[in-house]
Amino acid sequence: MVLSNREIADIFDVVGDILQIKGEIIHRILAYRNAADSIRELPRDLRAYAADGELDSIPGVGKIIAEKIQEMLDTGKLDFYEKLATEVPPGVVDILHINGVGPKKAKMFWQDAGLVTVEMLETAAREGKIRDMAGMGTKSEAKILEGIESYKRRKSDTRTPLGVALPAAEHILNHLLELPEALFGSVAGSIRRARPTIGDVDLLVASSTPIPIMERFTTMSEVARVLGHGDKKSSVELLNGLQVDLRVIPPERWGTALNYFTGSQAHNIRMRTLALEGGLSLNEHAFTRTDDNTEILCATEEQVYAQLSLQYIPPEIREDWGEVETAAQSKLPKLIELSDIHSDLHMHTLWSDGTATIRDMAQAARARGRDFIVITDHSRGATIANGLSIERLLAQREEIRTADAEMQPFRVFHGTEMEIKADGELDFPDEILVELDFVVASLHVSLRQPREQITARLLNAIRNPHVDLIGHPRGQLIPDREPADLDMDAVFDAARQSGIALEINSSPSRLDLEAQYARRAIELGIPICIDTDAHAIEELDQMRYGVLTARRGWAQAANIINTWSLAQFEAWVRPRGGHA
DNA sequence: GCCGTTTTCGGCCCGACTGTTTTCAGTCG
């Protein structure tokens, strides 16, 4: 059993936690956490880097951590970690993850009071036994009990999908912007960077009079509890468990603040380092000249980047994945925008498991500015999704051709989302596929097969000359289902050879391919298709999330099939397997 | 523990908020 990237990253995070409780210097701890973050975002397996001798080319991975990764790949475990784990009880690491408890208190509860599980800490707190410990009091006792409640909710819960967090954030922001004191505002943090899942919501509002804005924020009807309440910053937990932080910013300092609170942290550190090289220190308030301490205020983010002689860097790519260096050379790509999208090549109707008719979906897509669509209902093997038999597939074609004829110049094409069956066979024979305008092939079943087996299934679909697109290639479901254990290097190689496209599925519960894979596919010249996979009319609006994900993958319009005109699309799809 | 086009040593972001302090430590982002 070879450990996955994620499993190795998780071990490094626990190593960081244990070292922190032991009182190790913070920078050594951060080194492990940085490496963990970096590993989680890799577009390739660690074993592929190891095979190429390139482990220490991974950002944040040096000689020592590279050796530790190699040990885990070879043996499935890490001696260093197992030794550390005997020094600090595992429950103390859990206690560290309680809001309001840091390494100092976790260590004190453990060593001074023998509290080594969250449950023991909770009991002691309820019995009034921790309020007399050093630096503690009744308020910190209450705060820790609240932190334990929140910890229990989080344990059962997971990170919040972008598709939940972004609308919630915009709703609250608009509520605050109704106040005359609020000049303008923005969602910030990981939502603005469009990460697939987010931990908490960061909002910024520009104003010179923060008090009424904070007042409205902390008294909103959806607030469950106020975690903090100040002039510049307040935090609340909503009834749905989401934590929201609001900062009120003087408008003349908006640019540095929005930049700072959008992150990512790694991007910020890169920016600050660059500023220092030019004799400027940068924080959320301003640039400060290090020689005479005079401030340079930036009212816009454009000014922040211009001050550092950088191209403006869109928030979606602020991950320290090379964007600062590229911006310094003025070589950032012009990222795709929603308005570039002309088609939607993957959607469902009442014929399988959708909730609308072909005509309704087509009209709704046209109303959203699309020029053409492909109807791709499920194939016969997807029985639970009411998949189409060959007979029904052929009957559906009549209805699609009628809608197509009626709606011209808008076009409605006939496709399928075909099952890649558990044994690797495709669900329709070639003589049926050749009748279709467009073929999407997707994995839905037996996603937990061993790597070789499931990779071979996908490669078989990629190599079929009638398949045009692989739908949601990795098979993840956000936030709960891990992706399939695919050899993505092999997938990309095969896709490049056969000339097919890979999908960015826009559904907030998929966002698959994720950005780092999309970026690698684009670098390899593989066309990408952003689809909604809509099962209902309103899901056609989810294209927004797919475009954000593509932007995170540094995609330009030309990389994305559904920015192409009808003529370009037909020129690409026709030679592929001789579609009609 | 990582990193480097001023560096292989000496940095590594730092301000806001809270609660317990009597001038500051811990935590968080």
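From a predicted model like this one, the values you see are computed outputs, not experimental measurements. Note on naming: letters A, B, ... go to the chains in the order of the sequence lines (proteins, then strands), and numbering restarts at 1 for each one.
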| note | Ranking A/Asp202 and A/Ile29 by the position along DNA chain B of their nearest nucleotide, the one closer to 5' is A/Ile29
| message | Let me spell it out: for each of A/Asn283 and A/Val61, pick the nucleotide of DNA chain B with the closest heavy atom. Which residue's pick is nearer the 5' end? | response | A/Val61
Determine the interatomic distance between [atom1] on [N] and the same-named atom on [M]; round to the nearest Å.
N: B/dT18; M: B/dT23; atom1: C1'; result: 15 Å
N: B/dT21; M: B/dG26; atom1: P; result: 12 Å
N: B/dC3; M: B/dC13; atom1: P; result: 14 Å
N: B/dC17; M: B/dT22; atom1: P; result: 23 Å
N: B/dC2; M: B/dT7; atom1: C1'; result: 13 Å
N: B/dT27; M: B/dT20; atom1: C1'; result: 14 Å

Hey, is the side chain of [X] poking within less than 4.0 Å of OP1 or OP2 on [N], counting only N and O atoms?
X: A/Lys233; N: B/dC17; result: no
X: A/Ser140; N: B/dT20; result: yes
X: A/Asn99; N: B/dC28; result: yes

Rounded to whole Å, please give me the gap between [atom1] in [X] and [atom2] in [N].
X: A/Asp17; N: B/dC28; atom1: CG; atom2: P; answer: 11 Å
X: A/Leu204; N: B/dA16; atom1: CG; atom2: P; answer: 14 Å
X: A/Phe287; N: B/dC14; atom1: CZ; atom2: P; answer: 14 Å
X: A/Ile130; N: B/dT20; atom1: CD1; atom2: P; answer: 11 Å
X: A/Glu237; N: B/dC28; atom1: CD; atom2: P; answer: 14 Å
X: A/Tyr32; N: B/dC3; atom1: OH; atom2: P; answer: 13 Å
X: A/Lys105; N: B/dC24; atom1: NZ; atom2: P; answer: 18 Å
X: A/Met136; N: B/dG19; atom1: CE; atom2: P; answer: 11 Å

As a test of reading the structure: which of [options] is closest to the side chain of [X], going by heavy atoms?
X: A/His229; options: B/dG26, B/dT18, B/dC13; value: B/dT18
X: A/Ile269; options: B/dG29, B/dG19, B/dC13; value: B/dC13
X: A/Ile65; options: B/dC14, B/dT27, B/dG1; value: B/dG1
X: A/Lys143; options: B/dT18, B/dG29, B/dC17; value: B/dT18
X: A/Glu284; options: B/dG1, B/dG15, B/dC13; value: B/dG15
X: A/Lys139; options: B/dG19, B/dC13, B/dA16; value: B/dG19
X: A/His285; options: B/dT27, B/dG29, B/dG15; value: B/dG15
X: A/Arg272; options: B/dC17, B/dT18, B/dC14; value: B/dC14
X: A/His27; options: B/dA16, B/dC12, B/dC2; value: B/dC12
X: A/Arg247; options: B/dG29, B/dC2, B/dC17; value: B/dG29

Which heavy atom of [X] sits nearest a heavy atom of [Y], and at what distance?
X: A/Phe184; Y: A/Leu177; result: C-CD2, 3.5 Å
X: A/Ile336; Y: A/Val547; result: O-CG1, 4.1 Å
X: A/Gln303; Y: A/Cys298; result: OE1-CA, 3.3 Å

| field | Lys/Arg cation over aromatic A/Phe492: A/Arg520, 6.0 Å, 45° cone | value |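 No, cation not above the ring by the 6.0 Å, 45° rule.
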| query | Should B/dC28 form a Watson-Crick or G-U wobble pair with both distances under 3.5 Å, which nucleotide is its partner? | reply |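 Across all strands, the one nucleotide that pairs with B/dC28 is B/dG15.
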| request: List the steps and the verdict of salt bridge (Lys or Arg N to Asp or Glu O under 4.0 Å) for A/Glu301 and A/Arg318. | output: CA-CA 13 Å; A/Glu301 280 194 320; A/Arg318 297 182 195 167; 2.8 Å; yes
Under 4.0 Å, counting only non-hydrogen atoms across every strand here, what does [X] touch: a base, just sugar-phosphate, or nothing?
X: A/Ser190; result: nothing
X: A/Phe261; result: nothing
X: A/Ile25; result: base
X: A/Leu19; result: nothing
X: A/Asp231; result: sugar-phosphate

| said: Quick check on B/dT7: syn or anti? Syn means the glycosidic torsion is within 90 degrees of zero. | reply: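 In terms of base orientation relative to the sugar, B/dT7 is syn.
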| task | For the residue pair A/Pro161 and A/Ser509, establish whether any side-chain heavy-atom pair is separated by less than 4.5 Å. | result | no
| note | Between the CG atom in A/Leu176 and the CZ atom in A/Arg216, the distance rounded to the nearest 0.5 Å is 7.0 Å
| message | What verdict does the salt bridge (Lys or Arg N to Asp or Glu O under 4.0 Å) test give for A/Arg481 and A/Asp512, after you've listed the backbone C-alpha separation in whole Å, the side-chain angles of each residue and the deciding distance to 0.1 Å? | response | CA-CA 12 Å; A/Arg481 191 213 279 157; A/Asp512 175 12; over 6 Å; no
